[in-house]
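Here is the naming used below: chain letters follow the sequence lines, and residue numbers restart at 1 for every chain. Note that these values count all heavy atoms, side chains included, but never hydrogens, waters or copies made by symmetry.
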Amino acid sequence: MLEISTIRFEKERVLEGLNKRFLPEAQIGLIETILLLDDERKKSQTEGDIVLSEINKLSKEIGDLFKSGKQSKANELKDQVAVLKDKSKILEENNKRIQQELGDLIIQLPNVPHVSVPVGKHAEDNEVYKEWSGDLDILPSDALPHWEIAEKYGVFSLTDGVKLTGAGFPVFKGKGARLQRALISYFLDEASKAGYTEIVPPLVVNHDSARATGQLPDKEAQMYYIERDDLYLIPTAEVPITNLYRDMIVSAEELPIKLTGYTPCFRREAGSYGADVKGLNRVHQFDKIEIVQIQHPDKSYDSLMEMLNHVSHLLDSLGLPYRILRLCGGDMGFASALTYDFEVYSMAQKRWLEVSSVSNFETFQSNRMMLRYKDTNGKNKLAHTLNGSALALARIVAAILENFQTKDGVIVPEVLRKYTGFDIIN
RNA sequence: GGAAGAAUGGCAGAGUGGUUGAAUGCACCGGUCUUGAAAACCGGCGUACCUGAGAGGGUAUCUGGGGUUCGAAUCCCUAUUCUUCCGCCA
């Protein structure tokens, strides 16, 4: 959620930034409406406060009059208060209405893209921030896509998942299951080494949590919802982990706060069909290790680079070819100010698969969740929040299976072997 | 799932209708003392919004929502959460 003060005092920057997202005219128009409504809100509050102040003053007088036995004078004042109360009620309702309206409008505005965000409408407009320099075509022409390798070696089964649950819920088996666990352990260990504190959060969250990180209301259809208990299955660990700091005021010295966690992620992916969803390319449940930072506004972009380097290091160590994209305004998430996507090249499919998305949300999330830090003057200011996947497992597994396949089996990356206990899947 | 009790400032904990934004202690910040620190003493110390150039002033806030009353932390209703007991249970 954008801050009204930002809209008011940095209107040019806001408009310029939002233009990069190619929003419909009506949405841009919200800016003016919000400012006018905010003026109205201020005026309305002042009016209401004055009346309340009078009521408070009179009530005290009435108390004093009763004590000194001046009943009739007191009753006179009571009548006055009654009139003021009617007035106050109307003003209060008006005030509430305005605030509600203001809230409804402001929540419709996405975050203002950072200056470095490229202008563009679609994924094709994303900027390649870092290209892969090596050879991407090193597999023989009879190389198998990962779902065929999985079948050959019993790594995972989608048909078993269909029996248990439905399409898009893979069942990992044997060495495949072990590979999952190895990746989770490896990624968590690397995050710990980088100074992130490990968290094991709940996998279901309440409405407040889903709203604070921006899943609600804009991505409601993406989440599984448990109606009986009014809870949502998490689409990413970002939700519970970031929300640990909802409604918190931390001291500036505590920053940055660096957290990591492994969780399964649940996504409905409504409306996705076709070749895109084959094998592990797009599933409803996948494992992911998330890294989260809560940082001082002056340093959040340094943190973003640090996170970028962390993810790069993971992919380098696995030996997977990847590229980094800087998302254009139109392709960027609602809450983000700047997002870098990591894509791994899956050599048999000959396509890039997104395996990580690293974003700085600036104050967009912290404003929704009232996450603040106390600066050196003792003032409470909104902190910046960032997060990134480090990494999303399912597609990493797909890339490992395809890229490292040989006639004899799939070679396990060196760094994983102490976790898997084997060096080939066959 | 059933029954009873509870929810007060960063923490602990007073306070059952009238200068209560809220005693007291701890923590924290500033000062005195001290070579320095501790102790002691003095002072300060929640949050949000409105208003004001500023000093300041106003409003709200004692879990959330609603009500009674001239006036509510205090009374009533309701939701939520927690605790204890019972039931169930990995």
A:Glu306 bridged to A:Lys258 by N-O distance under 4.0 Å: yes
Gap between atoms CD1 and P, on A:Ile249 and B:rC28 respectively (whole Å): 18 Å
Lys/Arg N to Asp/Glu carboxylate O, A:Arg97 vs A:Glu93, below 4.0 Å: no
Residue mapping more 5' on RNA chain B - nearest nucleotide basis, A:Lys89 or A:Arg41: A:Arg41
Length of the line joining A:Leu371:CG and B:rA48:C1', which is rounded to integer Å: 17 Å
B:rU8 to B:rG21 separation - C1' atoms, rounded to the nearest Å: 12 Å
Nearest-Å distance once atom P is located in both B:rA40 and B:rC26: 8 Å
B:rC41 - base-pair partner by Watson-Crick or wobble geometry, distances under 3.5 Å: B:rG31
Sugar-phosphate, base or nothing in reach of A:Lys73, heavy atoms under 4.0 Å: nothing
Options B:rG18, B:rA60, B:rU51, nucleotide nearest the side-chain atoms of A:Leu52: B:rA60
Nearest-angstrom distance from the residue atom CG of A:Asp247 to P of B:rG64: 12 Å
Sub-6.0 Å ring centroid separation between A:Tyr232 and A:Tyr224: no
Sugar-phosphate only, base, or nothing, as touched by A:Leu77 at under 4.0 Å among non-hydrogen atoms: nothing
N/O (side chain, A:Arg372) to phosphate O (OP1/OP2, B:rA48) under 4.0 Å: yes
Complementary nucleotide for B:rC89 - Watson-Crick or wobble, under 3.5 Å: none
Whole-Å distance separating the CD atom of A:Glu253 from the P atom of B:rC28: 13 Å
Rounded distance in Å between the C1' positions of B:rG31 and B:rU83: 44 Å
For B:rU24, the Watson-Crick or wobble partner whose two distances fall under 3.5 Å: B:rA12
Whichever of A:Lys57 and A:Met370 has its nearest RNA chain B nucleotide further upstream toward 5': A:Met370
A:Asn380, nearest nucleotide to its side chain (from B:rA60, B:rA48, B:rC70): B:rA48
Identity of whatever pairs with B:rU74 - Watson-Crick or G-U, under 3.5 angstrom: none
Sugar-phosphate only, base, or nothing, as touched by A:Asn56 at under 4.0 Å among non-hydrogen atoms: sugar-phosphate
Span that lies between the C1' atom of B:rG9 and that of B:rA22, in whole angstrom: 9 Å
A:Tyr373 and A:His296 aromatic ring geometry - parallel, tilted or perpendicular at 30°/60° bounds: tilted
Whole-angstrom distance between B:rG13 and B:rG17, as gauged at atom P: 23 Å
C1' spacing across the pair B:rG2 / B:rA90, given as an integer number of angstrom: 22 Å
Rounded distance (Å) that lies between atom C1' of B:rA60 and atom CG of A:Asn95: 11 Å
Residue A:Phe66, side-chain heavy atoms: nucleotide from B:rG18, B:rU47, B:rG67 that is nearest: B:rG18
Spacing of the C1' atoms in B:rU20 and B:rG15 (rounded, Å): 9 Å
Closest to side chain of A:Lys96, choosing from B:rG18, B:rA60, B:rG66: B:rG66
Gap between atoms CG and P, on A:Asp230 and B:rU81 respectively (whole Å): 11 Å
Between A:Tyr153 and A:Asn426: side-chain donor-acceptor atoms closer than 3.5 Å: no
Identity of whatever pairs with B:rA3 - Watson-Crick or G-U, under 3.5 angstrom: B:rU84
Nearest-Å distance for atom pair NZ/C1', residues A:Lys60 and B:rU59: 12 Å
Atom pair distance, as rounded to whole Å: CD in A:Gln45 and P in B:rG57: 18 Å
Any A:Lys85 side-chain N or O less than 4.0 Å from OP1/OP2 of B:rG71: yes
Distance, C1' atom - from B:rU68 to B:rU78, rounded to whole angstrom: 15 Å
B:rC62 pairs with, by Watson-Crick or G-U criteria that keep both distances under 3.5 Å: none
Selected nucleotide, minimal atom distance to A:Lys42 side chain, candidates B:rA48, B:rC70, B:rC50: B:rC50
Test: A:Glu92 and A:Lys89 ion pair at under 4.0 Å: no
Pair assignment for B:rG54, Watson-Crick or G-U wobble, requiring both distances under 3.5 Å: none
Sugar-phosphate, base or nothing in reach of A:Asp79, heavy atoms under 4.0 Å: nothing
Ring center gap for A:Phe266 and A:His284 short of 6.0 angstrom: no
Full working for ring pair (Phe, Tyr, Trp, His ring centres under 6.0 Å) between A:Tyr301 and A:His114: CA-CA 10 Å; A:Tyr301 281 94; A:His114 185 258; 4.3 Å; yes
